[in-house]
Amino acid sequence: MSTLVIAEHDNASINAATLNTVAAAKAIGGDIDLLVAGLDCGAAAEAAAKIDGVNKVLVADDAAYQYQLAEVMGDLVAELGKGYSHILAPATTTGKDFLPRAAALLDVNMLSEIISVVSADTFTRPIYAGNAIATVQSSDAIKVVTVRATGFDAVAAEGGSAAVESVSTVADKGVSAFVGEELAKSDRPELTAASIVISGGRGMQNGENFEMLYKLADKLGAAVGASRAAVDAGFVPNDMQVGQTGKIVAPDLYVAVGISGAIQHLAGMKDSKVIVAINKDEEAPIFQVADYGLVADLFEAIPELDSKL
Amino acid sequence: MKVLVAVKRVIDYNVKVRVKADNTDVDLANVKMAMNPFCEIAVEEAVRLKEKGVATEIVVVSIGPKVAQEQIRTSLALGADRGILVETEEKLESLAVAKILKAIVEKEQPQLVILGKQSIDNDNNQTGQMLGALTGMPQGTFASEVVVEGDKVNVTREIDSGLRTVGLTLPAIVTSDLRLNEPRYASLPNIMKAKRKPLEVVSTGDLGVEIKSTQTLVKVTPPAERSAGIKVASVDELVEKLKNEAKVL
Ligand SMILES: Cc1cc2nc3c(=O)[nH]c(=O)nc-3n(C[C@H](O)[C@H](O)[C@H](O)COP(=O)(O)OP(=O)(O)OC[C@H]3O[C@@H](n4cnc5c(N)ncnc54)[C@H](O)[C@@H]3O)c2cc1C
Ligand SMILES: Nc1ncnc2c1ncn2[C@@H]1O[C@H](COP(=O)(O)O)[C@@H](O)[C@H]1O
């Protein structure tokens, strides 16, 4: 048994979700190889070699992989993955983009967003926006799986000393190209990695009012998230959406401000350790999952909270 | 340009599904069903492309039981021209769905195939990408903007770190995200008109697709319940609890 884990990286460093994915590979058992595909990604490959539990790092360093487009990544992963019993990638927008392509090229099914490993062929994963947990057994020759980071404790980023090997690259068919990017710039911690997350919903009324949450977050070293309604209304950008179809977070503390608690939002945060809800409607469903609920007008409660911390 | 849209019949997004007492699956008996919300967005995008003069014909396909005709009719009422139901009672895995869609693509030869990014029942987020691999078409997943220019389409995608635009050579695949558009409601006259639009019913056998299942649902359990919390009376009490009881501050 051996697992190929596809590392998520920015050519210079390894994204934290990769460490949770290696943890899932460890739970499966067997040798773990890591693939780093990018351009001038030597630094990322070196970092990958230090990850605890990694046997070998495969490096595909080529202009074709600069943006890790799904078409070339799918081809590469299907080609390299042939000799493995498992292929794993983090359930990020990158992993979700290319891994199903690789699975189809290998003529196997795929399991999305597993949260636990029962055995080498059996996994659990949430379905119906997390309202049910399915235990699924796969009979595919190669198990192709994306891993939800919140389901697995990260392995250590240091301590390993894997061999680094370059791999020959697959030809780019030239049907897709990178055009441009608008990346979120923030000095706050990443949503999925923060130990405290403060999220605002439609109750925030506009983008300017989010400043209150940013101020509070900076005091606490927290990340700021949002509900779909806040993103749809244009208060904040899409990368802040928490939920079934946005980001999945499980921080030590999650503070929901002016968020009603629709099932699709709960799907993204209900595994947080402590949940606080601030909402002026005492009937809001968010209070059913909150450890501490404060029925209050957020425009009074947030400045007061800020002044008392 | 012909556009193919894949729509799935799923549980209505407002319904909170329950797990069956014997843990074999979720209970869908007498539950309200509807078009997968992402598929509605996919249909809307196709209709807008037609209104802009980019698309000339919109074909909608659904794979599922006979009643999935309802979701096809809804799509026709929203502006699609013609429907195909691939009738099957089997619960299909994504690879099988992608193989069936590939057979439809070969027959229909669309320039653009639009799917939802994710079914809200199985939460797979796989089918569009698999169809891309099987047909060799490039893909723009999690789309928030689609711009067709000549033999290319630029797709702006919602990614974890923001937005990214990719340029794809047609024919191509797009999967819709929430911000792609806001779907319209079907008007009564259009619902009436939709009843007369063509809807072809075929079987997987007709398409020559062999269906094989490789995943067994061992059991389905409810998620861990959170124990009931408390209401605090003031911001002071909240801060005190977070510091001394929960110890998270
Ligand atoms: C396919 C699909 C996918 C979806 N995916 C997601 C997802 O990933 N994430 C997500 O969040 N949603 C998602 N949704 C949307 C979800 O169903 C809800 O519509 C959304 O979460 C509501 O956001 P909200 O709670 O901010 O807004 P609302 O439901 O409008 O709630 C606003 C809340 O603010 C409170 N409020 C207002 N003013 C104040 C004030 N001054 N002080 C205190 N409280 C106040 C109100 O009492 C209310 O409870 C999805 C929906 C669909 C159909
Ligand atoms: N049975 C089906 N019939 C038609 N389209 C489907 C079906 N299953 C999945 N799809 C399409 O694939 C998208 C993604 O589904 P999934 O991969 O199941 O999350 C859906 O939004 C549909 O557009």
Side-chain angles (χ1 to χ4, degrees), chain A residues 69-71 74 92-93 96-97 100-101 103-105 108-110 112-113 122 126-140 175-184 228 232 237-239 244-245 247 252-253 263 270 274 276 289-295 301 304-305 308-309, chain B residues 11 13 16-17 19 26 93-95 98 117-118 120-126 129-130 132-134 137-139 141-142 144 154 158-169 177-179 214-223 226 229-232 235-236 238-239 241-242 246 248-249:
Chain A
L69 297 180
E71 297 75 16
T92 56
T93 47
K96 290 173 182 176
D97 193 32
R101 275 189 93 101
L105 291 174
V108 295
N109 263 298
M110 187 185 137
S112 295
E113 306 224 16
T122 308
I127 52 174
Y128 293 91
N131 286 307
I133 307 295
T135 302
V136 186
Q137 184 171 30
S138 161
S139 65
D140 279 312
V175 285
S176 60
F178 173 86
V179 174
E181 228 163 30
E182 248 177 78
L183 298 185
R228 172 194 173 177
D232 281 5
N238 63 279
D239 52 270
Q244 178 189 17
T245 58
K247 286 183 182 161
D252 294 337
L253 174 61
I263 51 175
K270 71 181 159 64
V274 176
V276 170
V289 300
D291 299 281
Y292 303 107
L294 178 64
V295 180
E304 189 183 343
L305 184 59
K308 288 183 171 151
L309 290 173
Chain B
I11 188 169
Y13 78 94
K16 188 171 172 197
V17 78
V19 171
V26 296
E93 289 150 13
S94 289
L95 184 62
K117 85 160 176 183
Q118 178 173 338
I120 61 160
D121 50 2
N122 63 32
D123 282 331
N124 267 356
N125 194 335
Q126 298 173 358
Q129 298 88 315
M130 287 182 163
L134 297 179
M137 285 191 219
Q139 68 189 39
T141 53
F142 327 145
S144 67
N154 273 5
E158 294 200 356
I159 59 171
D160 288 340
S161 50
L163 295 170
R164 165 183 280 200
T165 305
V166 290
L168 314 173
T169 306
D177 212 322
L178 296 169
R179 257 74 57 182
T214 59
Q215 296 180 341
T216 314
L217 198 53
V218 179
K219 65 174 177 183
V220 176
T221 51
R226 289 190 76 92
I230 59 160
K231 288 251 170 72
V232 291
V235 170
D236 283 323
L238 176 62
V239 172
K241 294 279 185 206
L242 291 178
V248 286
L249 286 185

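Order of the sequence lines fixes the chain letters, A, B, ..., with proteins taken first and strands second; residue numbering starts at 1 for each chain. The analysis underlying the following values was restricted to heavy atoms, covering all of them including side chains, and did not include hydrogens, waters or symmetry mates. Here the structure is a predicted model, which means the values were calculated and not measured.
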Of the listed residues (A/Val295, A/Asp140, A/Asp252), which shares the most heavy-atom pairs with chain B below a 4.5 Å separation? A/Asp140
Look at A/Ile127, A/Val274, A/Asn238, A/Ile263 and state which one has the largest set of heavy-atom pairs under 4.5 Å with chain B. A/Asn238
Which bit of [X] is near chain A, if near means a heavy-atom gap under 4.5 Å: side chain, backbone, both or neither?
X: B/Val26; value: side chain
X: B/Ala98; value: neither
X: B/Val19; value: side chain
X: B/Val239; value: side chain
X: B/Asn154; value: side chain
X: B/Arg226; value: side chain
X: B/Leu168; value: both

Would you mind checking which part of A/Ala301 comes under 4.5 Å of any heavy atom in chain B, side chain (CB onward), backbone (N, CA, C, O), both or neither? both
Non-hydrogen atoms of B/Gln129 and A/Arg101 that approach each other most closely: O-CG, 3.2 Å
Do [X] and [Y] get their side chains close enough for a donor-acceptor pair, meaning under 3.5 Å?
X: B/Asn125; Y: A/Ser112; value: no
X: B/Gln215; Y: A/Asn109; value: no
X: B/Gln139; Y: A/Asp97; value: yes
X: B/Gln118; Y: B/Asp123; value: yes

Best-contacting candidate, B/Gly229, B/Pro223, B/Pro222, against chain A by heavy atom pairs under 4.5 angstrom: B/Pro223
